[in-house]
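Below you'll find the structure, written out as structure tokens, and then a few comments.
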Amino acid sequence: MRFYSTRNKNVCVSGAEAVCRGISEEGGLFVPSAFPQITETQLRALCDEEYESLAAFVIGAFLPELREQLPDYCRKAYAKFESDPPAVAPLVKLDDNLCVLELWHGPTCAFKDVALTLLPYLLDGAKRATGNTRTTLIPVATSGDTGKAALEGFRNVNGAAVAVFYPDGGVSDLQRLQMITTDGDNVFVSAIKGNFDDAQTAVKKAFTDESLKAELLGRGIELSSANSINFGRLAPQIAYYFSAYCDLLSSEQIEYGDKVDFVVPSGNFGDILAGYYARKMGLPVGKLICASNTNNVLCDFIKTGTYDIRREFHKTSSPSMDILISSNLERLLFDVSGENDKSTAQRMAALKSEGVYSLTPREHAEITAIFDAGFATEEEVAETIANYFDEYGYIIDPHTAVAACVAAQVNGGERTRPTVILSTASPHKFAASVLTAIGEKPVRDELKNLQNLEDVTALEAPASLISLPEKEKLFTGSIALTEVNDALRAFAAKIAKTRA
Ligand SMILES: *Cc1c(COP(=O)(O)O)cnc(C)c1O
């Protein structure tokens, strides 16, 4: 299986190489040159497997060079999820034709764990497969959840180091505490003065800074990415679409071949793109419904065919979706343009210089045949949390609530097909917002909020969150956007010293 860059198809590498590099040199993203097809027999067989084996099969279809090790990698990675009952991606039935796929039972209580517990193993395997002995330095821009999941995944992993940059004032208190209390000699965390888009742009710049890269190479260090621009992040996410379908099949809620709609709370477009890739592999997916918060640039794009970031940026109760520049959309653009690297590169350049680009009518029609979209206001998010608690006795976080709200909007509110809402964070991770939504009064002390939410909902708060307020705050700095590369230089020097 070969992978090429969305901005230059002549850049063509193996899957292992794509995982090591994270992003292509000219700024393009690596995409598979073909999509492996899953037959009915294979899909039915997957339904009898445990999640770990199912994931190994799906990921191995894209990364055959790691196929042998993948079952072991998946077992080790997913051992970090709640195990009683086993819960990487449990499907919870709420109503006829309505299910929730809970993706937040991992170590940091958000769906990013599904990919980021596995990525260190994928990276290690990919480096072995390509004979790469350098240390991998991973700069991460985070809107809140990727940062902690990457820190947790790579903490104390040999041959790798992580530097996380989060928007100052742009993440929840718990998200911030999770990140700045991480220990380990290969981790660095800093706030950055700007929003997530600024942080992501600043971090992406490091990848094209030749002098920085040369200096790092002199120390035996190379850069890679753990953001969802890395195909190694996407591949594990494709697996849970298959697992959800299998669960519906096994519980006889559908018959083989029935189409299922998925509603995905979207920010950087990685999660929903994984669903698109699952569909391309032959999974019977009906509509992929893209749910936005008030930063509704993706929703507008799907409805109109024009991507326009010339708008106000809102801070919302679903901070992990407070994004205007959705990196992974580039992969969809490339696909619907007939894999046209020139037009993809041009559109990305237009986005950078003018803040806007448009699809052709043919491309837009192709997208609306598969995708639908909607957005939820802050009031609607709170209402949805309250309604789900009333109606189903089921408590959801604000990100999941965005999707739940949009699920009720599309199709004139009528559910024609079995619908799966992707639940991306534990409600406890956003305890203050959830408490407000259900009519309780949150306080400043997050620990109290966690306990209060536990009392009101009878849903146990994750131990990893309860212990946070007592932990030592190890990283309290905040830097300017222009200081990212210097911070990386200083961190690289420290890593080189500890390694020596
Ligand atoms: C990252 C994140 C999202 C958005 O996922 P994308 O892949 O960036 O679209 C939604 N919800 C939560 C809780 C997240 O952490």
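Just so it is clear, the model here is predicted, and its values are computed rather than measured. Atoms within each ligand, like the ligands themselves, are counted from 1 in listed order.
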Only pairs under 3.5 Å count here: list side-chain donor-acceptor contacts from residues 227-235, not counting sequence neighbours, and write none if there are none.
{"unit_1": "Asn227", "atom_1": "OD1", "unit_2": "Ala141", "atom_2": "N", "d": "3.3"}
{"unit_1": "Asn227", "atom_1": "ND2", "unit_2": "Ala141", "atom_2": "O", "d": "2.9"}
{"unit_1": "Ser228", "atom_1": "OG", "unit_2": "Asn328", "atom_2": "ND2", "d": "2.9"}
{"unit_1": "Asn230", "atom_1": "OD1", "unit_2": "Gly232", "atom_2": "N", "d": "2.8"}
{"unit_1": "Asn230", "atom_1": "ND2", "unit_2": "Val19", "atom_2": "O", "d": "3.1"}
{"unit_1": "Asn230", "atom_1": "ND2", "unit_2": "Ser225", "atom_2": "O", "d": "2.7"}
{"unit_1": "Arg233", "atom_1": "NH1", "unit_2": "Ala226", "atom_2": "O", "d": "2.7"}

### Query
Side chain of Tyr307, backbone of Ser326: donor and acceptor closer than 3.5 Å?
yes

Filter the ligand 1-protein atom pairs down to N or O on both sides and distance under 3.5 Å, then list them.
{"unit_1": "ligand 1", "atom_1": "7 (O)", "unit_2": "Gly270", "atom_2": "N", "d": "3.1"}
{"unit_1": "ligand 1", "atom_1": "7 (O)", "unit_2": "Asp271", "atom_2": "N", "d": "2.8"}
{"unit_1": "ligand 1", "atom_1": "8 (O)", "unit_2": "Asn268", "atom_2": "N", "d": "2.7"}
{"unit_1": "ligand 1", "atom_1": "9 (O)", "unit_2": "Gly267", "atom_2": "N", "d": "2.7"}
{"unit_1": "ligand 1", "atom_1": "9 (O)", "unit_2": "Asn268", "atom_2": "N", "d": "3.2"}
{"unit_1": "ligand 1", "atom_1": "9 (O)", "unit_2": "Phe269", "atom_2": "N", "d": "3.0"}
{"unit_1": "ligand 1", "atom_1": "11 (N)", "unit_2": "Thr424", "atom_2": "OG1", "d": "2.8"}
{"unit_1": "ligand 1", "atom_1": "15 (O)", "unit_2": "Lys112", "atom_2": "NZ", "d": "2.6"}
{"unit_1": "ligand 1", "atom_1": "15 (O)", "unit_2": "Asp145", "atom_2": "OD2", "d": "2.5"}

#### Entry: Separation between SG of Cys74 and NZ of Lys76, rounded to the nearest 0.5 Å
11.0 Å

### Nearest-0.5 Å distance, CZ of residue Phe154 to CG of residue Leu123
5.5 Å

### Residue that, paired with Asp261, satisfies salt bridge (charged side-chain N to carboxylate O under 4.0 Å, His left out) out of Lys287, Arg415, Arg417
Arg417

#### Entry: Shortest non-hydrogen contact from Ile272 toward Tyr241
CA-OH, 3.7 Å

